[in-house]
Protein chains: 2
Amino acid sequence: MNGRSAQRLAKLQEALASGGTLHLRDAAELCDVSEMTIRRDLTTQVSAISLLGGRLVMANYPGVTPIYDLTEQQASHYQAKYRLCQRALAFIEEGDTLFIDCGSTLMPLLSQLSHFNELTVVTYALNVANAVAALPNVRLVLLGGLFYAASQSFGSDNMAASIERLGINKALISAAGVDLERGVSCFHFHEVAPKQAAIATAMQRLLVVDASKFGVVRPAYFAALDDFDVVVTDGEGAHSSQYLGCGNAPLLS
Amino acid sequence: MNGRSAQRLAKLQEALASGGTLHLRDAAELCDVSEMTIRRDLTTQVSAISLLGGRLVMANYPGVTPIYDLTEQQASHYQAKYRLCQRALAFIEEGDTLFIDCGSTLMPLLSQLSHFNELTVVTYALNVANAVAALPNVRLVLLGGLFYAASQSFGSDNMAASIERLGINKALISAAGVDLERGVSCFHFHEVAPKQAAIATAMQRLLVVDASKFGVVRPAYFAALDDFDVVVTDGEGAHSSQYLGCGNAPLLS
DNA sequence: GCGTTAATGTTAAAATTATAACATTTAGTG
DNA sequence: CACTAAATGTTATAATTTTAACATTAACGC
């Protein structure tokens, strides 16, 4: 169940690499076998291709396939992320130049940006860039460099310099840990430089984190809590504002 | 058929923005309406969401949805692009640092790169970056800047400088027009700087174009034909090699 | 060449998804 | 409040996709 099966999958994968989907029917024709054989190839071998309603799609492509359908639970978890971003959205104004941090926290915000007429988004994250690239009314500036798969983002020597050259209005920063004494931290060290540069340059600094990050410390420290002008969070008020209340940052509970 | 319908679509779009797919069933539940209503929303309104075998996916996401299923005709057209890239592949060696140009020509090459153990790809195109980001064994360097949707690529002042700092082994350049007298050209002016920088820096310069580009001149000139060490094309030999034979470039017909 | 096994093809049944028609609810108007 | 029309729900039917079982072909060792 191997040699030719793998060859077929390779062929199909190449066909799909440029994007798009391939109907099972066409895939079978392309490989000159029956649809059933393609089906079997897909179930037997492990591959980056998955079958979605009779169509072959690249499973690893950032957009669509990741197979993790949002179930009811995840949908409610999404609600939390969504509300968080709704609050962050309130700070965004027409004409802003936004720095958008990496991670998944700020993703729900991006599609909301289509309501504006003119915005510029600066980012160093591939997933953010992809989402913004789809918005016709938003200018995208991607800060490139060497790609780090773990955070879907780029790092480079002169990232700080590049950021400082831009007129960033508002920086929306995410974090993996927020602690009153130990400050704000993330997982990956290459994220520190861009985050700090954005914080240094931006006119307004917003920290966007859900309440689960409070009291958590992660390996890479990048800022103190009062480096931020606003903390956007989803706490119930009682717990989170008590926690953050001592800092200088006005809290949007 | 409007207000709430649009709201639902917005909600769904936000849910999908972070990637992944949403089953019609879950989408209905999320919006607290019947599946039929979601179906109707999708057919009535124009939106970036499309329905693929009972699952909602973002249609604009680079990877999967673009709805343009490769039909038989396109599949055969793909064969041509595939063969072209196979020929280009023959020049790639383990450990290479490749400059990969923007456009769709070189896309079929990318998935083939998974056969190598160590490669570095340098690019200024978003679609190329996405394809390479999925390959675990290939290092990705993306040259960022302002995004140009027309070519899915980035442009910036210091792109040339960034490219020259890199030790690029082989430059794989694509083009929209190739003419013996008028040289090699493309559509977009912002592509000129990176292409020229790559040509200037790379140790080996490969022009990868299908035969349909011969005798064509496009607005942005970027190189003479004999700036290249190799021309990889898919001509039958007779026509194309005759055409290109006069140049200095050894022709791989 | 024969027998064996893997690979592929074919077909029918089951499950799922899409479409269409009609019923019901909701929102707005006079 | 009744009337109207838009919006949504429900149900049945059609189309498509998935699964499973069995038939056929190709590959390989002896």
Side-chain angles (χ1 to χ4, degrees), chain A residues 1-16 20-59 61 63-72 74-75 79, chain B residues 1-16 20-59 61 63-75:
Chain A
M1 195 74 89
N2 207 322
R4 281 209 283 280
S5 176
Q7 265 188 291
R8 280 193 297 268
L9 285 175
K11 191 172 193 176
L12 293 173
Q13 194 163 335
E14 285 143 25
L16 289 170
T21 72
L22 190 60
H23 197 105
L24 192 59
R25 175 170 39 255
D26 300 325
E29 195 169 332
L30 188 64
C31 297
D32 207 34
V33 293
S34 72
E35 296 186 15
M36 200 61 224
T37 300
I38 303 288
R39 281 201 136 90
R40 282 195 268 248
D41 289 346
L42 255 28
T43 54
T44 311
Q45 314 259 90
V46 280
S47 91
I49 298 174
S50 79
L51 188 57
L52 207 61
R55 281 171 207 81
L56 295 159
V57 298
M58 288 295 281
Y61 247 150
V64 185
T65 338
I67 306 293
Y68 65 100
D69 292 43
L70 320 174
T71 62
E72 306 163 48
Q74 290 167 311
Q79 291 275 12
Chain B
M1 194 73 91
N2 207 324
R4 282 208 282 279
S5 176
Q7 265 189 290
R8 280 193 298 268
L9 284 175
K11 191 171 193 175
L12 294 172
Q13 193 163 337
E14 285 143 26
L16 290 171
T21 72
L22 190 61
H23 196 105
L24 191 60
R25 174 169 42 254
D26 300 325
E29 196 170 332
L30 187 65
C31 297
D32 208 34
V33 294
S34 71
E35 298 186 13
M36 198 62 224
T37 300
I38 303 288
R39 279 203 138 90
R40 281 196 268 246
D41 289 345
L42 255 28
T43 54
T44 311
Q45 315 259 90
V46 279
S47 91
I49 298 174
S50 79
L51 188 56
L52 206 60
R55 281 170 207 81
L56 296 160
V57 297
M58 289 295 282
Y61 246 153
V64 185
T65 338
I67 306 293
Y68 66 100
D69 291 44
L70 320 174
T71 62
E72 305 163 48
Q73 301 172 15
Q74 289 167 311

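As the structure is a computational prediction, the values presented were derived from the model and not from experiment. In what follows, chains are A, B, ... by sequence order, proteins preceding strands, each numbered from 1.
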Review point. Is there a side-chain polar atom (N or O) of A:Arg39 under 4.0 Å from OP1 or OP2 of C:dT8?
Key: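 Looking at the OP1 and OP2 atoms of C:dT8, neither is under 4.0 Å from any side-chain N or O of A:Arg39.
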
Exercise for review: Would you please confirm or rule out a distance under 4.0 Å between OP1 or OP2 of C:dT16 and any side-chain N or O of B:His23?
Suggested key: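 So the side chain of B:His23 is outside the cut-off, no N or O lying under 4.0 Å from OP1 or OP2 of C:dT16.
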
Starting from [atom2] on [N], measure out to [atom1] on [X] and report it in whole angstrom.
| X | N | atom1 | atom2 | result |
| --- | --- | --- | --- | --- |
| A:Arg25 | D:dT17 | CZ | C1' | 11 Å |
| A:Leu22 | D:dT17 | CG | P | 13 Å |
| B:Leu24 | C:dT19 | CG | P | 12 Å |
| B:Leu56 | C:dT17 | CG | P | 12 Å |
| B:Leu9 | D:dT8 | CG | P | 11 Å |
| A:Leu52 | C:dT16 | CG | P | 15 Å |

To the closest 0.5 Å, what do you measure between [atom1] ([X]) and [atom2] ([Y])?
| X | Y | atom1 | atom2 | result |
| --- | --- | --- | --- | --- |
| B:Asp32 | B:Arg8 | CG | CZ | 10.5 Å |
| A:Leu56 | A:Arg39 | CG | CZ | 9.5 Å |
| A:Leu51 | A:Leu22 | CG | CG | 10.5 Å |
| B:Glu35 | B:Asp26 | CD | CG | 9.0 Å |
| B:Ile49 | B:Arg55 | CD1 | CZ | 15.5 Å |

Quick one: which protein N/O atoms are closer than 3.5 Å to N/O atoms of nucleotides 9-13 of chain D? Pair and distance per line, please.
residue, atom, partner, partner atom, Å
D:dG9, OP1, B:Ser34, N, 3.4
D:dG9, OP2, B:Ser34, N, 2.7
D:dG9, OP2, B:Ser34, OG, 2.8
D:dG9, OP2, B:Thr37, OG1, 2.4
D:dG9, N7, B:Arg40, NH2, 2.6
D:dG9, O6, B:Arg40, NH1, 3.3
D:dG9, O6, B:Arg40, NH2, 3.3

Point to revise | Minimum side-chain heavy-atom gap A:Asp41-A:Leu12 below 4.5 Å | key: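 Answer no - side chains too far apart.
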
